[in-house]
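Below, read A as the first sequence line, B as the second, and so on, with proteins coming before strands; counting in each chain starts at 1.
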Amino acid sequence: MDGTADSREGMLSRMALNDNKAGMEGLDRDKINNIILEASKGSRFYVNEVKKEQQVNERIGKMMRHKAKLTEQQIQKAQLSAELEMGRELGRVIVHVDMDAFYAAVEMRDCPELKDKPMAVGSMSMLSTSNYHARRYGVRAAMPGFIAKKLCPNLVIVPLNFDKYTAVSEQVREVFAAYDPHFLPMSLDEAYLDITEHLHERQHWPESMRSYKSCDNEVPVETDNLSPVLFEDSPSSSPSLPGSDGKVEVFGTSPEEAVREMRFRIEQKTSLTASAGIAPNMMLAKVCSDKNKPNGQYSILPERQAVMDFIRDLPVRKVSGIGKVTEKMLAALDIFTCAQLGQQMRVLSLLFSETSWHHFLQISLGLGSTRIERCVTLPALSIRVTEPLPLSEM
DNA sequence: ATACATACC
DNA sequence: AACTGGTATGTAT
């Protein structure tokens with residue numbers, strides 16, 4: 001039953017270019033996918049992917065047979081504990097910050113030759129990331145370098161400089177810590193922050209504490225010869241001071257302005273750009289940080305309606321934790337967006353494990369964690385300290 | 001309890 | 001010639 005055309009289609013869901021992420025809009029997908037398939041065919045990797053693909057199809061088949069046996073009565077009496085909505089928490093301001101094409105951006109910064117070339121960081125076997133120029137060719141993270149070279153023969157591949165990325169990451173984290181000392185790093189280039197407390201304090205800050213010189217790194221501009229009155233009428237422009245060299249930017253007190261300021265400070269300090277998402281919980285903030293990438297930010301206002309409007313047409317695949325397998329299983333049930341996920345929750349509760357459908361339900365309601373993990377950054381060394389582990393885990 | 005699968009960067 | 005490596009969590013047996 002598995003014709004050649006079918007298995008090719010199947011493989012595409014697994015191996016093909018994933019243009020889900022930023023910088024991949026409007027590419028010639030067919031051409032790119034053919035090159036990827038040609039280069040992969042017959043390899044150990046390919047054979048393994050075919051096997052896994054069959055397993056997924058089997059799992060979907062099992063699910064569909066299970067679904068066919070469900071009666072309307074069973075579906076209607078499925079209970080979805082309605083208390084979740086009551087527990088919705090909109091009072092926290094959660095930010096997800098993500099450096100743009102981090103490793104590639106560091107290498108480009110340190111080697112101007114690379115600036116206008118398609119380049120990627122990694123090896124012939126595996127790329128860690130690519131710059132936006134290379135992405136126009138379909139070259140992206142987690143792609144083997146030799147395939148990337150077929151897609152883009154002029155691609156420059158720079159080997160990993162892990163120590164360098166770690167050092168830059170430390171600089172970025174110093175900025176994060178100014179907005180949330182308990183921030184949660186997810187990798188060298190991204191982190192979650194809870195800036196609720198920062199924003200409270202920020203309301204009472206004079207403009208001088210929110211003013212930054214473009215040329216000067218690190219600290220707010222000197223307060224002495226800087227009268228706040230000077231900025232009264234032009235909060236969004238960059239007023240230049242008489243008698244002062246260099247532009248000064250004043251940031252406001254809103255969440256958006258605080259995050260703009262944080263990104264500005266990161267760029268001043270590292271010459272690298274970051275993107276950010278602002279939302280009432282981690283799940284939404286993560287999705288938002290991808291929305292205006294690179295060098296942008298997006299926020300969801302802390303209102304139920306704003307959250308639901310944002311969620312409605314959001315493809316489930318955009319949500320962290322929904323990967324290609326889950327996407328394909330949901331697609332088999334005609335679920336592509338979060339709204340569709342919500343509409344089918346009763347069926348899902350009968351087809352998936354409790355942990356899985358609880359997760360789906362949370363997503364469909366736009367809910368997510370509102371507390372960043374407990375973890376403290378020591379000012380001097382930026383060493384993360386967690387609560388003592390049980391002896392068994394040490 | 002263990003192995004395997006999914007997902008993330 | 002060549003498809004990461006580490007961690008966390010979920011699923012199947």
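- Electrostatic pairing of A:Asp100 and A:Lys293 counts as a salt bridge here, judged by a charged N lying under 4.0 Å from a carboxylate O.
- The neighbour count for A:Gln73 CD, taken as heavy atoms of other residues, nucleotides or ligands under 6.0 Å away, does not exceed 12.
- Of the candidates C:dC3, B:dC9, B:dC8, C:dC3 carries the atom nearest the A:Phe45 side chain, counting heavy atoms from C-beta on.
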Please list, for nucleotides 3-6 of chain B, all pairs of protein and nucleotide N/O atoms separated by less than 3.5 Å.
| residue | atom | partner | partner atom | Å |
| --- | --- | --- | --- | --- |
| B:dA5 | OP1 | A:Gln55 | OE1 | 3.1 |
| B:dA5 | OP1 | A:Gln55 | NE2 | 3.3 |
| B:dT6 | OP1 | A:Arg59 | NH1 | 3.3 |

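- Distance from the side chain of A:Asp189 is smallest to B:dC9 among B:dC9, C:dC3, B:dC8.
- Taking the six-membered ring where the residue is Trp, A:His198 and A:Tyr179 present tilted rings, their angle falling between 30° and 60°.
- At whole-Å resolution of the value, CG in A:Leu188 and P in B:dC9 are 13 Å apart.
- Ring planes of A:Tyr192 and A:His96: tilted class, angle from 30 to 60°.
- Below 30°, between 30° and 60°, or above 60°: for A:Phe162 and A:Tyr165 the angle between ring planes is above 60°, a perpendicular geometry.
- Contacts of A:Met124 with the nucleic acid, taken as non-hydrogen atoms under 4.0 Å apart, include base atoms.
- The residue A:Leu127 sits apart from the nucleic acid: no heavy atom pair falls under 4.0 Å.
- Between A:Glu257 and A:Arg202, no side-chain nitrogen of the basic residue sits less than 4.0 Å from a carboxylate oxygen of the acidic one, so the salt-bridge criterion is not met.
- Atom-to-atom, CZ of A:Arg140 to C1' of C:dC3 comes out at 15 Å; the value is rounded to the nearest Å.
- Interface residues of residues 349-361 of chain A facing DNA chain C, ordered by number: A:Ser353, A:Thr355, A:Ser356; criterion, heavy-atom separation under 4.0 Å.
- B:dA7 and C:dA2 have their C1' atoms separated by 25 Å, with the value rounded to a whole Å.
- Atom NZ of A:Lys115 sits in a crowded spot, with more than 12 heavy atoms from other residues, nucleotides or ligands closer than 6.0 Å.
- Residue-environment remark: CD (A:Gln203) exceeds the threshold of 12 foreign heavy atoms within 6.0 Å.
- A:Val121 comes within 4.0 angstrom of no nucleic acid atom, judged by non-hydrogen atoms across all strands.
- The distance between atom CG of A:Leu160 and atom P of C:dG5, rounded to the nearest whole Å, is 11 Å.
- Within the nucleic acid shown, A:Ala141 has no heavy atom closer than 4.0 Å to any nucleic acid atom.
- Here the CE-CD1 distance, from A:Met345 to A:Ile335, works out to 8.5 Å after rounding to the nearest 0.5 Å.
- Heavy-atom contacts from other residues, nucleotides or ligands closer than 6.0 Å to NZ of A:Lys164 number more than 12.
- Under 3.5 Å, the side chain of A:Ser128 and the base of B:dC9 form no donor-acceptor pair of N or O atoms.
- Taking atom CE of residue A:Met126 and atom P of nucleotide C:dA1, one finds them 18 Å apart after rounding to whole Å.
- One interatomic measurement links the two molecules: CG of A:Asp98 to C1' of B:dC8, which rounds to 12 Å at whole-angstrom precision.
- The distance between atom CD1 of A:Ile322 and atom C1' of C:dG10, rounded to the nearest whole Å, is 12 Å.
- Going from atom CD1 of A:Ile157 over to atom P of C:dC3 covers 14 Å, rounded to whole Å.
- When rounded to the nearest whole Å, the span between NZ of A:Lys149 and C1' of C:dA1 equals 15 Å.
- Of the two residues near DNA chain C, A:Pro144 and A:Lys62, the one whose nearest nucleotide lies more 5' is A:Pro144.
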